[in-house]
Amino acid sequence: MTPDELSAAIRACLEAAVAAGDLTVSVPAEIRVERPKQREHGDWATNIALQLAKPAGKPPRAVAELLAARLVELPGIKSVDIAGPGFLNIVLDAASAAELVRTIVEAGPAFGRNQQLAGTTLNLEFVSANPTGPLHIGHTRWAALGDALARVLIASGAQVTREFYVNDAGAQMDRFGGSILARIKGTEIPEGGYHGEYVAELAAKVREQRPDIDDLPLEEAQILARELGYAIQLAENRQTLDDFGVEFDVWFSERTLHESGSVDAAVDRLREQGHVEDRDGAVWLRTTDFGDDKDRVLVKADGEKTYFAADAAYWLSVRDRGFPKKIYMLGADHHGYVQRLKAIVACAGDDPAESVEVLIGQLVSVGGARLSKRAGNIIELKDLVEWLGRDAVRYSLARYPADSPLALDGEVLQKKTNDNPVFYVQYAHARLCSLANQAREHGVERTAFEPALLDHVTENELIAALAQFPAIVAQAAELREPHRVARHLEVVAGAFHKWYDNCRVTPRGEDPVEDLHRTRLWLAEASRLVLANGLELLGVSAPERM
RNA sequence: GCGCUCGUAGCUCAGCGGAUAGAGCAACAGACUUCUAAUCUGUCGGUCGCAGGUUCAAAUCCUGCCGGGCGCACCA
């Protein structure tokens, strides 16, 4: 019996009690079943009686009594205790709990997938680094977390488009071009320009492609430098993300909005919505209508469109492309942008509460890391991966919630011990693979399955951890918190290592192979599957040996 | 000044209103002739920043304060 099935059983008992007139209460939408922290509190516990006490007009323990009497009659349930203020502590028959193992093995890679978000379509934007320089540690956090979130959402039935918005228009790009050209010509880097060593590298590549750039008129040369530099840098960033295992479905260029006239059209469309006004020669969007601190300029007095106008056009594009909802993942340094963003959405006639979610992430620091000289004393994604390995970087960034400020220790991330959780989890997977090989060599096969034999305390714990996996994935998707998957894998790995220490799959020496060993091999395979499926959701490899 | 965000063990951090607040590391003490010791077992360690409020129940929700980070352009 899985937690889900137990939850359904409790519901059925509740409905039966209501039908019999024992209780007068409406059955809640969700009946949560939890694994208690204390072993004495049973295999699973629910606080439903506490929740229903007030609406039912009965003391919590009386409600608990009613439910317990019905529950304990069900097959698979060994005992039901009422504890504390009215918790129901439920113990399952070992056989009933272990039946899950077969379910997992049969589901294989699909175990953990769920329908929590079936029918939802999402546009998930993350990283979206400007193409004016290399990707750094902040982008790395979003790449790891964003991709993991996308995978978790998809596993929960959502239709997800991973999108990267390329800010390739505007003054920033001109400064970028100017900086490259300055490197080529050996002149002063313009004010507000880019100083990192990588600009010199870009300059060298540009010159290699177009040796004639020195002879062009200044303005023409700067445009050429900008365009070639842009192409080179964007390609490099794409490659870096690709090597990191993060692929985007859509690379959306801001320029295309300007070139296609979408920005002009957006201004017109917003004007129709009644939130645009002309003032001081400029065109303004009255974002203060929707809680922004001040109105924002769409078209400057000199006739040029602002980036803000492009953002508005971008939003309309997202809607036009059929996305009812967009999730933005932004660094804490961009949080000032959120109000404006929501105001755009509201001005466009959409409800920000329904169509926009913004996940704000705190910044990351890495102790002991070599700062990148080429990027101007920032830590580059590429260097991090080269230094620590893709799995360690992805895992250690994906195991923390986005809003927790994070200080990673480079020394620790290199260690192959317990304080580096990625190895802890991967080692469990490798150990399981090795165990299965050993078992096969000794003639243990996954033929007989006798769930009642899986009754060791470590087996109870391990099975319970496996049982929670689908709910954890669903919860991670619903809350947009992929780190929950990583944390749970650590629980599973821990439960496995303890089981491994206590229960043998391969008989010792010349001892005969028994159904106990065969059944444990099922449990081993189920554990391996959960670890492999979970690591896949995080974009981390599940090695067969280490 | 206004706004957002964070504050949990010596360190790094978990903890969708529930039972005695957890994990890893660090410190100390143990377990490999037996399926991978990158593991396991035990001990030590707390005013959940502070103060109020909401309730059967608050680290969790609300308010105020203190402290850290970040943001407040006709720049992108």
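Below, read A as the first sequence line, B as the second, and so on, with proteins coming before strands; counting in each chain starts at 1. Quick caveat: nothing in here was measured; it's all calculated off a predicted structure.
Minimum atom distance to the side chain of A/Arg484 is reached by B/rC16, of the listed B/rU20, B/rA38, B/rC16. Which of B/rA38, B/rC40, B/rG18 sits closest to the side chain of A/Asn47 comes down to B/rG18. Checking B/rU39, B/rC75, B/rG15 against every side-chain atom of A/Gln172, the shortest atom distance belongs to B/rC75. For A/Arg545, counting side-chain heavy atoms from C-beta on, the closest listed nucleotide (B/rC13, B/rC35, B/rU36) is B/rU36. For A/Lys54, whose side chain is taken as the heavy atoms from C-beta onward, the closest listed nucleotide among B/rU5, B/rC75, B/rC56 is B/rC56. Relative to the side chain of A/Gln38, the nucleotides B/rA76, B/rG18, B/rU20 differ in distance, and B/rU20 lies closest. Side-chain atoms of A/His335 lie closest to B/rG3 of the nucleotides B/rC74, B/rG3, B/rC35. Picking from B/rC35, B/rA14, B/rC75 the nucleotide with the shortest atom distance to the side chain of A/Tyr400 gives B/rA14. Considering only the side chain of A/Asp280, B/rC74 comes nearest among B/rC74, B/rA38, B/rG71. If you check B/rC35, B/rA76, B/rA73 against the side chain of A/Asn130, the one that comes closest is B/rA76.
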- Task: For RNA chain B, just give me the dot-bracket, please: Watson-Crick or G-U, both distances below 3.5 Å, ( ) intra-strand, [ ] crossing earlier pairs, | paired with another strand, . unpaired.
- Result: (((((((..((((....[...)))).(((((.......))))).....(((((..]....))))))))))))....
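One finds a salt bridge joining A/Asp278 and A/Arg271 here, because a Lys/Arg side-chain nitrogen approaches an Asp/Glu carboxylate oxygen to under 4.0 Å. A/Arg175 and A/Glu191 are not joined by a salt bridge, as no carboxylate oxygen comes within less than 4.0 angstrom of a charged side-chain nitrogen. Using a 4.0 Å cut-off between a side-chain N of Lys or Arg and a carboxylate O of Asp or Glu, A/Asp292 and A/Arg286 do not qualify as a salt bridge. Classification of A/Glu461 and A/Lys498 as a salt-bridged pair fails, no side-chain N sitting under 4.0 Å from a carboxylate O. Between A/Arg279 and A/Asp295 there is a salt bridge, since at least one side-chain N of the basic residue sits less than 4.0 Å from a carboxylate O of the acidic one. At a threshold of 4.0 Å, the pair A/Glu525-A/Arg440 does not count as salt-bridged, since none of the basic side-chain nitrogens sits closer than that to a carboxylate oxygen.
Not one side-chain nitrogen or oxygen of A/Lys498 sits closer than 4.0 Å to the OP1 or OP2 atom of B/rU39. Look at A/Lys294 and you won't find any side-chain N or O under 4.0 angstrom from OP1 or OP2 of B/rC2. One finds a side-chain N or O of A/Tyr424 lying less than 4.0 angstrom from the OP1 or OP2 phosphate oxygen of B/rC40. Within the 4.0 Å cut-off from OP1 or OP2 of B/rA76, not a single side-chain nitrogen or oxygen of A/Tyr307 is found. Using a 4.0 Å cut-off, some side-chain N or O of A/Ser434 falls inside it from OP1 or OP2 of B/rU36. Using a 4.0 Å cut-off, some side-chain N or O of A/Ser404 falls inside it from OP1 or OP2 of B/rA14.
For A/Leu479 and A/Ala282, each mapped to the nucleotide of RNA chain B holding its nearest heavy atom, the one lying further toward the 5' end belongs to A/Leu479. A residue-by-residue look at A/Ala301 and A/Lys37 shows that A/Lys37 has its nearest nucleotide of RNA chain B further toward the 5' end.
Within 4.0 Å of A/Asn502, counting heavy atoms only, lies no atom of the nucleic acid at all. Heavy atoms of A/Arg340 sit under 4.0 angstrom from at least one base atom. Counting any heavy atom pair closer than 4.0 Å across all strands shown, A/Glu510 reaches no nucleic acid atom. Using a 4.0 Å heavy-atom distance criterion, A/Asn89 is classed as a base contact. If you check every strand for non-hydrogen atoms under 4.0 Å, A/His334 touches nothing. A/Arg504 comes within 4.0 angstrom of a base, heavy atoms only. In this structure, A/Pro60 reaches neither bases nor backbone, as no heavy-atom distance under 4.0 Å exists between it and the strands shown. As judged by a 4.0 angstrom heavy-atom cut-off over every strand, A/Asp333 is placed among residues touching the sugar-phosphate backbone only. When heavy atoms are screened at a 4.0 angstrom cut-off, A/Ala332 is found touching the sugar-phosphate backbone but no base atom. Across all strands, A/Thr132 comes closer than 4.0 Å to no nucleic acid atom at all (heavy-atom distances). A/His497 comes within 4.0 angstrom of sugar-phosphate atoms only, judged by non-hydrogen atoms across all strands, and of no base. Using a 4.0 Å heavy-atom criterion, one finds that A/Ala428 contacts no nucleic acid atom at all. Nucleic acid contact class of A/Phe308 (heavy atoms, under 4.0 Å, all strands): none. At the heavy-atom level, A/Ala436 lies nowhere under 4.0 Å from the strands shown.
Note on ring orientation: taking the six-membered ring where Trp is involved, the planes of A/Trp522 and A/Phe449 are tilted (angle from 30° to 60°). Relative ring orientation between A/Phe176 and A/Tyr194 is described as perpendicular, the plane-to-plane angle rising above 60° on a 0-90° scale split at 30° and 60°.
When the C1' atom is used for both B/rU5 and B/rG22, the distance is 25 Å, rounded to whole Å.
The CG-P distance, from A/Asn420 to B/rU39, rounds to 10 Å in whole Å. For A/Leu298 and B/rC74, the CG to P distance is 12 Å, given to the nearest whole Å. At whole-Å resolution of the value, CZ in A/Phe87 and C1' in B/rA19 are 5 Å apart.
A syn base is found at B/rC32: its glycosidic angle is within 90° of 0.
Rounded to the nearest 0.5 angstrom, A/Arg431 CZ and A/Arg545 CZ are separated by 16.0 Å. Taken to the nearest 0.5 Å, the CG atom of A/Leu270 stands 8.0 Å off from the CD1 atom of A/Ile344.
Using a 4.5 Å cut-off on side-chain heavy atoms (C-beta onward), A/Lys342 and A/Phe290 make no contact.
Under the stacking definition used here (centres under 5.5 Å, planes under 30°), the residue A/His41 qualifies as stacked on the base of B/rA19. Aromatic stacking of A/Tyr337 on B/rG71: not satisfied for centres closer than 5.5 Å together with planes under 30 degrees.
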